[in-house]
Number of protein chains: 2
Amino acid sequence: MNIGEIARRSGVSRSTVSYALSGKRRVSKVTQQRIQAVIDELGYRPNATARALKEGRTRTIGLVIPPAGRRLTDMQLGFVASVVDAAGRADLDVLLSPSGGEHDRSFERMVGGKRVDGVVLMEIRLEDDRVTRLRQTGLPFVGIGRTNRPEEMSWVDIDYETLISRCVHHLADLGHRRIALVNRSAELVAAGYGPGHRAQTGFARAVAERGLDSVQKCCADDAQSGVACVEALLGEHPGLTAIATINEAAMPGMYRALEQAGLAVPRDFSVAGVAAQHWAENLHPPLTAADVPADELGARAVELLIQRIADPATPHLNLLLAPAISLRGTTGPARPRDPVS
Amino acid sequence: MNIGEIARRSGVSRSTVSYALSGKRRVSKVTQQRIQAVIDELGYRPNATARALKEGRTRTIGLVIPPAGRRLTDMQLGFVASVVDAAGRADLDVLLSPSGGEHDRSFERMVGGKRVDGVVLMEIRLEDDRVTRLRQTGLPFVGIGRTNRPEEMSWVDIDYETLISRCVHHLADLGHRRIALVNRSAELVAAGYGPGHRAQTGFARAVAERGLDSVQKCCADDAQSGVACVEALLGEHPGLTAIATINEAAMPGMYRALEQAGLAVPRDFSVAGVAAQHWAENLHPPLTAADVPADELGARAVELLIQRIADPATPHLNLLLAPAISLRGTTGPARPRDPVS
DNA sequence: TTGTAGGCGTTATCAC
DNA sequence: GTGATAACGCCTACAA
């Protein structure tokens, strides 16, 4: 079932059918109707592959997500959902590539094989081979996140450095003197994951500015690791009264460990973080956090990408968000731990 | 940059380059190396679109997920992850289509435009237009879930009817006489969502077999709705001592409502359900539940699909899983509520 | 061992 | 207002 068959049955040429469909050339009303009748009868739809070959574009964007095996955080999920949603609104399809490091087969198929018109890249590292590869091919792409040389690409990102710094200042304002940073997983940070490093930077800066005692810890992205992490922190640092974190997925476990240690939040212990708005609101208790508008970010990334696809010569655009901290009741005045009971 | 360019620079014909690449014909060592050198130098990769057009297949499968706007449950997420993972292992790419009802544009592009070699369908309804459409086009597809006429398609599914029935029997064995079923959202059930209906059936059957008092309630897929749902149940049914549920996403809220009502689990109130294994284990407290192996299910769906793509005449295969209930401590002997305090 | 040529299904240019 | 025809880039009979 192809355009030739429709043409034959309608008694016209293939080009006429094509034009009847696209409207790029006037077609007489009668032939138009005759063609439409045949199309409806046979349920014909143009072959997208042939069209893509002819037009030189696939009307598809690639979405590179963290590699298989790792569970997506709520924020990442929000990115994916909003990218897919925004693409759909623009009648673009989304091809998924779960790939992390270099030489990933699905990534290479997508990029090398020109399967997509552009790419949205998630979980970018400070040095990122995928960015290098994409720049080399000239395929339009937009990062949700950025590398060490952000001026070389288009991206949207969260200003983790500023946000974690604000968390620390907020906690310091409440009188906390010993604060811990709970980061993402050690592997991720070791691999040069941007937010992990920038959170460290912002934390270190704010802690220095306020002259606080501090400790940093990496923690895998799950509840159990959150429990272990906080247990360790409490054990090793008796004076600790507050945590700042960018690790959403570990939060439920962190709460649990505090509870089991007999520490009430925010009476005995404060927690502030950076998290997807939806997630922060639905935690129990709701987390005082810089609310990352994950949905908006994905949509903006797609907008930028569509722009770059339309005109690859567009200068690179960036969007660095530093959403305000929403107070939700997990932070309060510092109170020494282990009071003489 | 195409195969002709490589051929020209290597001083051979296009077919020789093609054969050098595919290995389907012997090529002398010297030409082989000359060609390879040029390819490496220019970084040539065959155009996937052209290849797809020629070969009549795209090496891509479609994955139809619940429509945008709704958040995926942990189980659905597990399906997506395992489908993507399994597809990747078979060097297949995954095209995403978030579409629910009928006449969805992205679904129609995917199916009508022959953008994929086969489709994995999620969240199937008892009567499902997408299934009708796929059957009509003849495109191979596999459901994660099944319609009213399961013999007409290939699918993998969870036997919610049996599992909820087992939950009820388990609770009845513990002495519970008044049990509630917390279902998925009213919209989903009204739309003919299979698991919702089959859970009702299994619940009704088991309740009748054991002569129990019962109540069924729909609940949206989020924590807040879980709170509201359980509050309503406790208020309207003072004798209630146990809940059976298939609503993962509402679980945290259900726990919270019980806690706020002063009911300890499992001492004062029991909960059993059907949930992704990963989710049940990580709830706090871990949920006594029939552990759905979401990862396996997605992988099996892809296996079936690959089989159907290879040979569309394969008879339909099914896989109906009824995993055992893992006791994790949210169910215990019935104890009357509102004891004279 | 290599080259020639046709065709996958579509769009768009040119001609009538 | 409509038709013939040449691409798009690749694969693969068929020929040499």
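Quick note: numbers below take in every heavy atom, side chains included, and nothing from hydrogens, waters or symmetry partners. Proteins come first, then strands; the chains are lettered A, B, ... in the order of their sequence lines, and each starts at number 1.
If you check every strand for non-hydrogen atoms under 4.0 Å, B:S22 touches nothing. Note on B:T31: only backbone sugar-phosphate atoms sit closer than 4.0 angstrom, heavy atoms only; bases stay farther off. Using a 4.0 Å heavy-atom cutoff across all strands shown, A:S15 reaches at least one base atom of the nucleic acid. Within the 4.0 angstrom heavy-atom criterion, only backbone atoms of the sugar-phosphate kind lie near A:G11; the bases stay farther away.
Taking the nucleotide of DNA chain C with the nearest heavy atom to each of B:R26 and A:L53, the more 5' of the two is matched to B:R26.
Counting only heavy atoms from C-beta on, A:E55 has its side chain closest to C:dT11 among C:dT10, C:dT11, C:dC14. In this structure, of C:dG9, C:dG3, C:dA12, it is C:dG3 that holds the atom nearest to the side chain of B:R25.
The phosphate of C:dT10 has OP1 or OP2 within less than 4.0 Å of a side-chain N or O from A:Y44. Of the side-chain N and O atoms in A:K24, none sit less than 4.0 angstrom from OP1 or OP2 of C:dT11.
Looking at B:D40 and B:Q36, their side chains do bring a donor and an acceptor atom within 3.5 Å of each other. A:T16 and A:S13 are linked by a side-chain donor-acceptor pair at a separation below 3.5 angstrom, with hydrogens and angles left out of the test.
An angle of 50°, rounded to 10°, separates the two end axes of the helix from C:dT1-D:dA16 to C:dC16-D:dG1, each defined over five pairs.
Put simply, chain A comes within 4.0 Å of DNA chain D, heavy atom to any atom, from D:dG1 to D:dG9, going 5' to 3'.
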